[in-house]
S.K.: 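The structure's right below; bear with me while I get my questions together.
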Amino acid sequence: TGVRPSPSVIVAVRQLARLEGAVFAIERIIDVREKQSRFFDLLKTEDALLLVAAGEVTAGVDLGELRPDDVLVDDERRQAIVRLPRAVILSRRIDNQRTYVHTRRTDAWAVRQEHLETRARQEAERTLEEAALGGGILAQAEESVARTVDTLLRSLGYERVEVRFRDAEPSMPERPSPAPRR
C-alpha cells in the first residue's frame, strides 16, 4: 500500500476549557443493508455490510460557559459556592484500530455501494452516543466533575464548598450567608 503525502491545512483553532467527567468505551455491531431491484422490480438484490464498531464517548462540563455570578467566594469564612453548566457530550469517536468490517456481501445482480461503510460508521457513532446516554454518562460526568471541583477548591483552602449545577437550583444566593456572631 502506498500513501502519497499531501500538505496539511489547519482550518480552525479553538480554545477549550472543558472538564471531562466520564468516558464510556462501547462496542456495537452495525448491520447496514441496501435493498435494490433490477429488471423492472422482478429481481430483488441486496448490498450488505456488517461492521464491528468500537469507540468512546466522553462527557463533561464546558467551563467556558461559566458566568461571573456562577462563582461566589467568601475568603473570610473560607467558603465557596460554584454553579456549573450541566454536563454534555464533549466527543464521540470510533476507534479505527478496533473497528472493522466483519462481512461484506453484494448479491450477484446488485450494484456495490461504496458509501455503505461510511453509513455504517456514521450509524455506529450515533448509536455509541445513544448507548452512553442510556447508560447514564451525563449523571456520572456531573458526579465526577463535582468531586474534582470540590477537591480543587478545598486544596486552595476553602473549607466549605458547594458545587451545584444549573437548573438544579432555582437561583444562587447573592453572597454566602454571614458568619454567626459570637
Side-chain angles (χ1 to χ4, degrees), residues 8-32 51-99 117-182:
S8 298
V9 178
I10 297 173
V11 295
V13 175
R14 293 186 302 148
Q15 299 291 325
L16 299 177
R18 295 175 173 177
L19 182 55
E20 295 180 357
V23 177
F24 279 21
I26 303 169
E27 293 182 356
R28 300 288 307 232
I29 295 175
I30 307 297
D31 187 0
V32 179
L51 182 77
V52 177
E56 289 184 344
V57 178
T58 304
V61 172
D62 185 353
L63 297 176
E65 292 183 19
L66 276 175
R67 299 181 296 235
D69 64 334
D70 286 336
V71 180
L72 300 173
V73 294
D74 183 341
D75 290 324
E76 193 174 293
R77 294 183 61 208
R78 295 163 60 172
Q79 176 178 331
I81 301 172
V82 179
R83 182 177 50 200
L84 298 171
R86 301 308 299 233
V88 295
I89 298 296
L90 298 174
S91 68
R92 60 184 187 185
R93 70 172 192 84
I94 298 289
D95 181 346
N96 288 311
Q97 298 297 318
R98 297 178 27 229
T99 298
E117 184 174 348
T118 300
R119 280 189 31 217
R121 286 176 175 273
Q122 290 168 343
E123 179 66 9
E125 204 170 66
R126 186 189 67 73
T127 61
L128 290 175
E129 181 175 332
E130 201 174 79
L133 289 169
I137 192 171
L138 296 180
Q140 286 189 27
E142 286 183 357
E143 184 179 310
S144 175
V145 165
R147 272 195 315 270
T148 300
V149 170
D150 182 87
T151 301
L152 175 65
L153 291 172
R154 289 181 190 281
S155 74
L156 294 173
Y158 294 97
E159 294 173 356
R160 183 166 178 249
V161 176
E162 285 183 50
V163 179
R164 303 173 182 170
F165 288 89
R166 289 191 191 140
D167 304 323
E169 295 289 326
S171 63
M172 290 280 283
E174 286 300 314
R175 357 184 223 128
S177 56
R181 295 188 179 239
R182 293 178 202 198

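Given the structure is predicted, the values throughout are model-derived calculations rather than measurements.
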S.K.: Contact between Val161 and Thr151 at the side-chain level, heavy atoms closer than 4.5 Å - yes or no?
M.R.: no
S.K.: Are Asp75 and Tyr158 side-chain neighbours, meaning at least one heavy-atom pair lies under 4.5 Å?
M.R.: yes
S.K.: Would you mind reporting whether Leu138 and Leu133 have side-chain heavy atoms less than 4.5 Å apart?
M.R.: yes
S.K.: Is there side-chain contact between Glu117 and Arg121, with heavy atoms separated by less than 4.5 Å?
M.R.: yes
S.K.: Rounded to the nearest 0.5 Å, how far does CD1 of Ile30 lie from OG1 of Thr127?
M.R.: 3.5 Å
S.K.: Among all residues two or more places apart in sequence or in another chain, which pass the side-chain hydrogen bond (donor to acceptor under 3.5 Å, both in side chains) test with Glu159?
M.R.: Arg78
S.K.: For Arg160, is there an ion pair with Asp74 - N to carboxylate O distance below 4.0 angstrom?
M.R.: no
S.K.: Any carboxylate oxygen within less than 4.0 angstrom of a Lys/Arg side-chain nitrogen, looking at Glu27 and Arg98?
M.R.: yes
S.K.: Provide the closest heavy-atom pair for Arg126 versus Arg92 in the form atom of the first, atom of the second, distance.
M.R.: CA-NH1, 3.7 Å
S.K.: Does Leu152 offer a backbone N or O that forms a donor-acceptor pair with the side chain of Ser155 under 3.5 Å?
M.R.: yes
S.K.: Rounded to the nearest 0.5 Å, how far does CZ of Phe24 lie from OG1 of Thr58?
M.R.: 10.5 Å
S.K.: Measure the spacing between CG of Asp70 and CD of Glu65 and express it to the nearest 0.5 Å.
M.R.: 10.0 Å
S.K.: With a 4.5 Å heavy-atom cut-off, do Ile137 and Ile89 have their side chains touching?
M.R.: yes
S.K.: So which heavy atom on Val73 is nearest to which on Ala80, and how close?
M.R.: CG1-CB, 4.0 Å
S.K.: To the nearest 0.5 Å, what is the distance between CG (Leu84) and CG (Asp62)?
M.R.: 11.0 Å
S.K.: Would you give the length of the straight line joining atom CD of Glu56 to atom CZ of Arg93, rounded to the nearest 0.5 angstrom?
M.R.: 4.5 Å
S.K.: Evaluate the side-chain proximity of Leu66 to Pro85: yes if any heavy-atom separation is below 4.5 Å, no if none is.
M.R.: yes
S.K.: What closest approach, in Å, do Leu153 and Val82 show between heavy atoms, and which atom pair accounts for it?
M.R.: CD1-CG2, 3.5 Å
S.K.: Determine yes or no for a side-chain-to-main-chain donor-acceptor pair under 3.5 angstrom, with Glu142 supplying the side chain and Ala87 the backbone.
M.R.: yes
S.K.: When you measure from the side chain of Thr99 to the backbone N and O of Ala53, does any donor-acceptor pair fall under 3.5 Å?
M.R.: no
S.K.: Is there a side-chain contact between Glu162 and Arg83, using heavy atoms and a 4.5 Å cut-off?
M.R.: no
S.K.: Heavy atoms, side chains only, cut-off 4.5 Å: are Leu19 and Thr148 in contact?
M.R.: yes
S.K.: Please assess Glu20 against Arg18 for the test salt bridge (Lys or Arg N to Asp or Glu O under 4.0 Å), listing each intermediate value before the final yes or no.
M.R.: CA-CA 6 Å; Glu20 295 180 357; Arg18 295 175 173 177; over 6 Å; no
S.K.: Just verifying a value: how many Å separate Ile26 CD1 and Glu129 CD, rounded to the nearest 0.5 Å?
M.R.: 9.5 Å
S.K.: Please determine whether a side-chain nitrogen of the Lys or Arg among Glu123 and Arg119 lies less than 4.0 Å from a carboxylate oxygen of the Asp or Glu.
M.R.: no
